[in-house]
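This report concerns only the one structure given below.
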Amino acid sequence: MGKMRAEEKKMYVLDTNVLLHEPLAFLSFEEHDVIIPMTVLEELDHIKDRKKDVSRDARVAIRSLEGVLHNATPEEMIEGVALPSTKVDERTANGKLLIVNDHLFAEQISGLPGNENDHRIINSAVHLQNQYPDIKVVLVTKDINMRLKAKGAGLKFVEDYRTDQLIDDISLLSSGHKKLSGDFWQTVGQCKSDQEGRELHHTVPKDLLGDVFINEYLLDDGGHFAARVESFTDDEVTILDLGYERLMSRMAWGVRPKNIYQAMAMNALLDTHMDLVILTGPAGCGKTLLALACALELVIEQGIYDKVIVTRNTPEIAESIGYLPGTEEEKMAPWLAAITDSLEVLHKSDQNPISSRNYIMEKANIQFKSVNFMRGRSIQNAIVILDESQNLTAAQLKTIITRCGEGTKLICSGNLAQIDSSYLTPVTSGLTYLVERFKNFEGSATVNLNGVVRSRLAAFAEENL
């Protein structure tokens, strides 16, 4: 640890789920020591050969650890092998990577029975805390229950893995739009305006709007102004005047927006310059229906894209789709019933809604794909709808986004209040990470659809249950 003072030294004990969440997590602790208990290596070994999506992450973690330790002697592994150098306070600091044989520790250290892997890892952290009282020993785990047990066993410092956590409170997450107080034009007064074809741009002082980001939507209290941020400098902001009434009158595949939030979403979805559109909001706000209606409009009516690929993540799907009979599309169909339900709603006035649904699925070349089979592909000139994306990690979302080739539009939708993953929270969800990371990307837009429009029953349940 070089010349670091004892009170600055830290030891981070990593749980297995941290390395499965981010296989290179052990490189993220800068100048501090990283401890890998033997039990963690055993769990990675058991997981790596399974026919599951998580097995790939286990193999990557093992190879990465081996890359650091491959030349180390047994004695050096116990003492610690230097991790890649990082700069701290203008000096080079080297943390160490240590492998600890937790099977040698007595169960009585923490009072937890040692036959469970979680307990062995907790015992390791408590043992190190007792052995190095001047060093802050921190157990890092994504498992909430394990964090509670560790504190109950006497461990002073327990943390979630937060390196890919960009905000501390979900209330700080960008909604993709900003409401300005008062009447916009009375506040701004005179400004520079430029007409380019059918588009009208205004340049206004930045201090009137505060902090903005690219493609952020702007509304005022008067309900007559709507715009989108096109560019900005330290002093000025250029906005595209969308027109409140024009936004509300947009239509896609027979669907009109029911509120201004849906109107903003439709504006982003129908804009072919937007490579990524992120839709967040409560159940029943219209995320899936709007995404599908705009996709059909762009594929069938306008002929801009060739096909629609629909995928989603569930704990069962992520690990196996082999239990149901049929092709990949047939296996995925039960999990993507929300899409077929939305198609039926879009054609409920037809004489035969089911026949219309099947015809449109063939006409628009709608394909249901498993997240597993998205890896390694290069998707060209398509619309990809990623439903229920709140259950994906940042690494999983990166895998999917990097599959999108030239002319492909990705629509990610999700409700951060309905996370099914055992190790994700609203602030650590990949959807949250995506919203924050792409705020300043000119080819993306985020819209939080406030308000439940599914039914008055659903709206009451969202507010009161």
Side-chain angles (χ1 to χ4, degrees), residues 167 169-177 217 252-253 255-266 268-269 276-296 308 310-318 332-348 357 366 368 371 384-393 396-397 400 410-436 445-465:
I167 56 174
D169 192 328
I170 197 60
S171 64
L172 302 175
L173 182 67
S174 170
S175 64
H177 52 80
Y217 288 88
W253 205 251
V255 174
R256 292 186 183 274
K258 292 187 175 181
N259 54 42
I260 189 59
Y261 308 108
Q262 287 195 353
M264 292 186 293
M266 287 183 67
L269 290 167
L276 171 65
V277 178
I278 306 168
L279 304 179
T280 63
C285 65
K287 300 184 296 294
T288 303
L289 185 70
L290 287 176
L292 189 58
C294 292
L296 294 176
V308 179
V310 184
T311 185
R312 67 174 289 185
N313 179 65
T314 68
E316 294 85 355
I317 281 288
M332 289 293 295
W335 301 103
L336 293 164
I339 301 297
T340 53
D341 289 345
S342 297
L343 279 172
E344 290 180 7
V345 169
L346 292 173
H347 298 90
K348 63 181 179 181
R357 181 197 69 186
I366 297 178
F368 293 163
V371 169
V384 179
I385 299 177
L386 178 56
D387 204 18
E388 302 293 335
S389 54
Q390 75 274 4
N391 290 314
L392 292 163
T393 66
Q396 289 171 324
L397 273 173
I400 295 171
L410 175 62
I411 304 170
C412 293
S413 65
N415 178 9
L416 290 166
Q418 294 185 345
I419 294 178
D420 299 320
S421 172
S422 304
Y423 300 128
L424 291 178
T425 64
V427 293
T428 60
S429 167
L431 181 59
T432 300
Y433 189 81
L434 197 66
V435 170
E436 290 299 307
T446 298
V447 180
N448 178 261
L449 286 83
N450 292 340
V452 177
V453 298
R454 179 172 290 160
S455 65
R456 64 176 184 175
L457 174 62
F460 185 86
E462 182 68 30
E463 293 176 5
N464 295 281
L465 294 183

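All values below come from the heavy atoms of this structure, side chains included, with hydrogens, waters and symmetry mates left out. Note that the coordinates shown come from a computational prediction; the quantities given were computed from them, not determined experimentally. Each residue takes its place number in the sequence, starting with 1.
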For the backbone of N415 and the side chain of Q418, can you confirm whether one donor and one acceptor N or O come within less than 3.5 Å of each other? no
So, the side chain of S389 versus the backbone of L431: is there a donor-acceptor pair under 3.5 Å, distance only? no
So, do V277 and C412 sit near enough that their side-chain heavy atoms are less than 4.5 Å apart? no
Going by heavy atoms in the side chains, are V447 and Y217 under 4.5 Å from each other? yes
Examine distances only and state if a side-chain atom of N391 and a backbone atom of I419 form a donor-acceptor pair shorter than 3.5 Å. no
Tell me every residue that passes side-chain hydrogen bond (donor to acceptor under 3.5 Å, both in side chains) with Q390, counting only those two or more places apart in sequence or in another chain. E388
List for me each residue that meets side-chain hydrogen bond (donor to acceptor under 3.5 Å, both in side chains) alongside T280, sequence neighbours excluded, and say none if there are none. N448
Hey, are T425 and T428 close enough side-chain-wise for a donor-acceptor pair under 3.5 Å? yes
With sequence neighbours excluded, tell me which residues meet side-chain contact (heavy atoms from CB on, under 4.5 Å) with L289. S342, V345, L346
Hey, does the side chain of K287 reach the backbone of P282 with a donor-acceptor pair shorter than 3.5 angstrom? yes
Evaluate the side-chain proximity of V427 to L416: yes if any heavy-atom separation is below 4.5 Å, no if none is. no
Counting only N and O atoms by type, is there a donor-acceptor contact under 3.5 Å from the side chain of Q396 to the main-chain atoms of L392? no
